[in-house]
Structure formats: structure tokens, C-alpha cells
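Just so it is clear: chains get the letters A, B, ... in the order the sequence lines come, proteins before strands, and each one is counted from 1. Owing to the predicted nature of the structure, the values given are computational and were not obtained by experimental measurement.
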There are 2 protein chains.
Amino acid sequence: MSIVSELEEVRSCSTHFVLAINDTLNVISGKWKLPIIGSLMYGKKRFKELERDIAKITPRMLSKELKELEMNGIVSRTVHPTTPVTVEYELTTSGESLKQVLEPMVEWGVQHRKRVFGK
Amino acid sequence: MSIVSELEEVRSCSTHFVLAINDTLNVISGKWKLPIIGSLMYGKKRFKELERDIAKITPRMLSKELKELEMNGIVSRTVHPTTPVTVEYELTTSGESLKQVLEPMVEWGVQHRKRVFGK
DNA sequence: TATATCACTATACTTTTGTATAGTAACCTG
DNA sequence: CAGGTTACTATACAAAAGTATAGTGATATA
């Protein structure tokens, strides 16, 4: 089935429509996923670099969210056998492609804020 | 400040970028907001109609989420003094404009599912 | 008079999500 | 050989989000 006709079908059924959006939502929701993705959009980073980049994140949460992002194919993890080991996290092509959904969210967010708290 | 130059600024700063996306995310996140919005995309609905439309939602959650959506200017609430009272919920123009962010999410969600569970 | 409809609200509870704090193992530097 | 670096994990706890169940008041119908 082509992507175009599949999208037609999903759009026509409220249940499938909501499910597809939830697939996307699950990937980016959680308190720290966006800050992590945002940071990785500037290039690959090591664990400690992310920890320093993202104010107030704890190593537990960073580790947890990175694992989920990796499972979802959004980031890749590469271990370099240096001493001490260094681990690099990087956006996959799927991760990069999230820009197409984040960009409209930025636009809507900015416009919404204007509507809510005057111009 | 124009919307265009403002978007430029937001895109250039990781913190503002994440904040704008979170403004959007907060409006649509929660287990029941998308089903509600999805249902209202087919036209105005009364409380009981929404309750019947959305499988397994409790009146408590429906009431709670509708209140939040109303506060955020996504839905409007109109009371008709019939007996018993009927209350109609409808998407505002802000609510309708969410389509511009939901549509890319549908596309990404469908493509992501293909990538994750084979074609 | 008994039951049903409408649009909710109240109370108590469980589950999920996130925080705080400390610790691990391997190695390098002073 | 004490202290710092790396990338984490373990345990306990607090807060937020969601569920289950019952009840409200006005009115209409059987």
C-alpha cells in the first residue's frame, strides 16, 4: 500500500488518526526528551556533555530517556573504548526527520502564546 | 515584532525552541485530549455525545480535559437553557488551527510505524 | 410514584512519572 | 594513594495523572 493512500485512510478514520498522532507524541513526550533532542540537533554529544547542557537533569533521567529514544530509533549510541569509556549519542535519520513535526509545533506555539497573552 | 522575525529568533535559541514546542505539547497532551479534539473535528458535540463517542472515558476525565481545553482557548462551551440543560462543545479557530500541527504528526507517526515494524 | 436523562461533582484510590541521594568500576593525574 | 574523570545504576521517595464508583438537582416519561 502506498504511503499516500495509507495517509488518506488514516485521516478518514478518527481512531487511526488519533493512534498515528499518539505514536508521534509518545516519542517526544516526557519532561526531558525535547531538551535532549534539541541539544542533539546541534551535533553528537557524550553523556556528560548532555548532562551539562541540560540544566537540572539527573543522570537517572538522562539515562532513562536516552534509552527510550534509542529504543524508538531516534538516537544512536556509540561506545568508544577509550579510558575512561566515552559514549556518543547522535540523532538517527528518523530523529532528524522529527524536524518536520517540531517546526509546525514551534510556529503554532508562538502564535498561540500571542493569542493567549495579547500581542 | 513580526511573526517571521520572531520565529527566526525562537529557532536560533535552543531554550526558546523547546519552550515554544512545550506550549503546543501542553495543549494536546493528556490521555484524552486528542480523542476529544478528534471527535470535535467532525462538528460540535454535547457532553453525553462525547462521552459515548470516546470509549472508556469517565465523566470526571471528560469534564476535566474539556475545562483545560476551554482555558487554553481550544474549545468553546455553550449552554442552552433547555430542560434538561444541554451544553455544546465546539472547536474554536485556535482549535481548528491545530490541524496544521496534527497533520505532520500523522504523517510522521505513520512513517515511523513503518520503519519500526517493517514495511 | 419509579425510573431515566442531562451535565456534571466528590471522594478515594492506583499508576505513572519524575526527584533526591548515594554508589559502582575502571582508569588517570598530582 | 587520595581525588577526579567517565557513564552510568540502585534505592527510596514525592508529585502528577488517571481510574472507580457513587451521587447531585432539575425535569420528563411510563
Any salt bridge between [X] and [Y], counting N to O under 4.0 Å?
X	Y	answer
A:K114	B:E6	yes
B:K44	B:E49	no
A:E88	A:R46	no
B:E51	B:K48	yes

Atom [atom1] of [X] to atom [atom2] of [N]: distance rounded to whole Å?
X	N	atom1	atom2	result
A:I57	D:dA7	CD1	P	14 Å
A:L25	C:dT17	CG	P	12 Å
A:K31	D:dA16	NZ	C1'	11 Å
A:L62	C:dG18	CG	C1'	14 Å
A:W32	C:dG18	CH2	P	10 Å
A:I36	C:dG18	CD1	P	11 Å
A:M61	D:dA14	CE	C1'	13 Å

A:S39 side chain to A:P35 backbone, donor-acceptor under 3.5 Å: no
What string of B, S and - do you get for nucleotides 2-13 of chain C, 5' to 3', when a contact is any protein heavy atom under 4.0 Å? ---BBSBB-BB-
What is the distance from atom NZ of A:K99 to atom CD of A:E96, rounded to the nearest 0.5 Å?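 If I round to the nearest 0.5 Å, the distance is 4.5 Å.
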A:T83 side chain near C:dC28 phosphate (N/O to OP1/OP2, under 4.0 Å): yes
